[in-house]
Visitor: 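Structure provided below as structure tokens; questions to follow.
What's counted below: heavy atoms across the whole structure, side chains too, no hydrogens, waters or symmetry copies. Start at 1 and go down the list; that is how both ligands and their atoms are numbered.
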Amino acid sequence: MATAELAGKHLVLGMTGGIACYKIAELTRLLTKAGATVQVVMTEAATQFITPVTMQALSGRPVYTSQWDARMANNMAHIDLSREADAIVIAPASTDFLAKLAHGMADDLLSTLCVARDCPLLVVPAMNRQMWQNPATQRNVTQLREDGVQVLGPDSGPQACGEIGDGRMLEAAATYEAIASFFSPKILAGRRVLLTAGPTFEPLDPVRGITNRSSGKMGFALARAAQQAGAEVHLVAGPVALETPWGVFREDVQTAQQMHDAVMRSVADADIFIGVAAVADWRADHASEHKIKKTAERTLPTFTFVENPDILATVAKLPHPPFAVGFAAESGDLEVHGEEKRARKKVPLLIGNLGPLTFGLDDNEVILFAAGGATKLPRADKQTLARTLIAEIAKRLPDSSLIR
Ligand code: C5P
């Protein structure tokens with residue numbers, strides 16, 4: 001989870017009545033951990049599902065539930081609470097509350113606050129599938145979208161009532177991602193980004209193989225940052241134990257050849273290709289079909305290796321290549337090898353890891369190699385670094401010639 005992206009943001013978190021209120025405890029924790037201040041406002045119905053005491057403890061601020069709260073000296077909570085807010089987020093947003101919002105009703109603190117706001121409004125619906133599909137609800141949601149309200153979700157799946165369908169509130173982590181995405185500058189809007197991430201696995205027999213220690217963290221962080229920057233993102237991932245970033249299309253592969261084939265199937269649609277994967281350079285010529293057994297004579301198996309395709313170099317050599325970005329980990333002389341590798345692979349930008357031991361770590365320090373020279377970036381956690389790298393890529397993109 002990133003920390004800096006919501007730092008300093010002030011959110012009014014409006015809770016309405018619904019069983020999904022339990023998810024808001026976790027959402028509040030994620031938002032405050034990311035540096036946002038969270039002012040919780042609850043409707044009367046919301047307090048039936050989770051107490052203001054719990055929400056106060058998690059947000060670290062007194063919770064407002066009534067329009068007539070004496071704590072506001074001027075009795076203007078409905079105005080004052082939203083004036084310092086960067087956004088109001090209604091989560092969970094009940095059927096009833098969406099209807100109120102769509103009609104501009106103002107009969108309690110939270111609805112009045114929304115009508116009186118001068119900041120963006122995000123709603124996270126949570127309701128039974130029939131309530132969601134009801135034509136009146138759909139009309140209200142369409143109206144809200146037309147009014148510029150951001151509607152996040154809903155999800156589909158099992159519901160608290162036992163039914164299955166659309167209407168589930170997004171999980172807390174997905175809601176957090178959607179809010180972070182809302183605040184990210186859309187510097188890659190309309191661009192399509194194809195990435196590779198993680199290691200590859202080259203089988204020797206059905207249970208053994210050659211791989212490396214790449215965790216996929218840097219590639220997944222870049223996929224997430226590109227999605228938040230407004231791009232359509234396709235992530236081709238080797239075997240890693242990481243969750244797919246919200247809004248990213250993921251394709252799982254095992255071998256370098258499969259990764260190559262997946263990239264080649266999609267690269268014609270991409271404006272940007274980022275090869276983050278630590279692709280195995282070789283594979284066994286013939287992997288054994290059966291598990292290789294120890295023999296009585298203790299003869300050791302031998303393998304002949306053949307070279308894997310270089311995915312990045314192949315992409316860069318296409319007649320109309322996307323803006324191709326490579327990564328490199330060197331054990332020494334990065335300044336020399338980085339520029340040499342960039343030129344050899346014919347890519348406009350190569351990101352050199354300072355030290356090969358970045359594998360699996362949560363932070364990283366890199367040098368950017370571009371035609372104009374090399375630039376060192378300060379050490380940062382991989383998500384912060386990913387945002388910086390996406391900004392570096394965005395500013396180097398030719399205006400339109402590469403949008404195909
Ligand atoms: O040649 P080297 O492996 O150091 O280059 C690293 C860069 O090349 C990375 O961007 C990596 O994803 C890419 N690469 C590739 N296919 C290979 C080997 C490396 O795309 N077979």
Visitor: Any non-hydrogen atom of Ala256 lying under 4.0 Å from ligand 1?
Guide: no
Visitor: Please state which protein non-hydrogen atom is closest to atom 19 (C) of ligand 1 and give its distance, to 0.1 Å?
Guide: Lys345 NZ, 3.7 Å
Visitor: Would you mind telling me if ligand 1 is within reach of the side chain of Ala278, the backbone, both or neither, using heavy atoms under 4.0 Å?
Guide: neither
Visitor: How far is atom 9 (C) of ligand 1 from the closest protein heavy atom, and which atom is that?
Guide: Phe327 O, 3.0 Å
Visitor: Could you tell me the residue and atom name of the protein heavy atom closest to atom 10 (O) of ligand 1, and the distance to it rounded to 0.1 Å?
Guide: Gly275 O, 2.5 Å
Visitor: Salt bridge (Lys or Arg N to Asp or Glu O under 4.0 Å), that's the test. Do Glu232 and Arg191 meet it? Break it down for me.
Guide: CA-CA 6 Å; Glu232 198 182 298; Arg191 308 277 186 160; over 6 Å; no
Visitor: Show the nearest heavy-atom pair for residues Ile88 and Leu113, with the distance to one decimal.
Guide: CD1-O, 4.0 Å
Visitor: Quick check: do Arg224 and Val248 have side-chain heavy atoms less than 4.5 Å from each other?
Guide: no
Visitor: Can you list the atoms of ligand 1 that are under 4.0 Å from a heavy atom of Gly326?
Guide: 10 (O)
Visitor: Would one find an N or O of Ala328, backbone or side chain, under 3.5 Å from an N or O of ligand 1?
Guide: no
Visitor: Backbone or side chain, does any N or O of Pro309 fall under 3.5 Å from an N or O of ligand 1?
Guide: yes
Visitor: Is a side-chain donor-acceptor pair under 3.5 Å present for Arg250 with Thr244?
Guide: yes
Visitor: In the protein, which heavy atom is nearest to atom 17 (C) of ligand 1, and how far is it?
Guide: Val279 CB, 3.5 Å
Visitor: Please tell me whether Arg61 and Gln39 have a donor and an acceptor in their side chains that are separated by less than 3.5 angstrom.
Guide: yes
Visitor: What atoms of ligand 1 come closer than 4.0 angstrom to any heavy atom of Ala277?
Guide: 11 (C), 12 (O)
Visitor: Kindly confirm or rule out a cation-pi arrangement of Lys9 over Phe183, judged by NZ or CZ under 6.0 Å from the six-membered ring centre and within 45° of its axis?
Guide: yes
Visitor: Do Arg283 and Ile210 come within less than 4.5 Å of each other through their side chains, counting heavy atoms only?
Guide: no
Visitor: Could you go step by step and tell me if Glu163 and Arg129 meet the salt bridge (Lys or Arg N to Asp or Glu O under 4.0 Å) rule?
Guide: CA-CA 8 Å; Glu163 297 181 3; Arg129 67 186 173 93; 3.1 Å; yes
Visitor: Answer with yes or no whether Lys341 contacts ligand 1, where contact means a heavy atom under 4.0 Å from a ligand atom.
Guide: yes
Visitor: Run down the list Leu312, Val315, Leu195, Ile311 and name the one with the heavy atom closest to atom 13 (C) of ligand 1.
Guide: Leu312
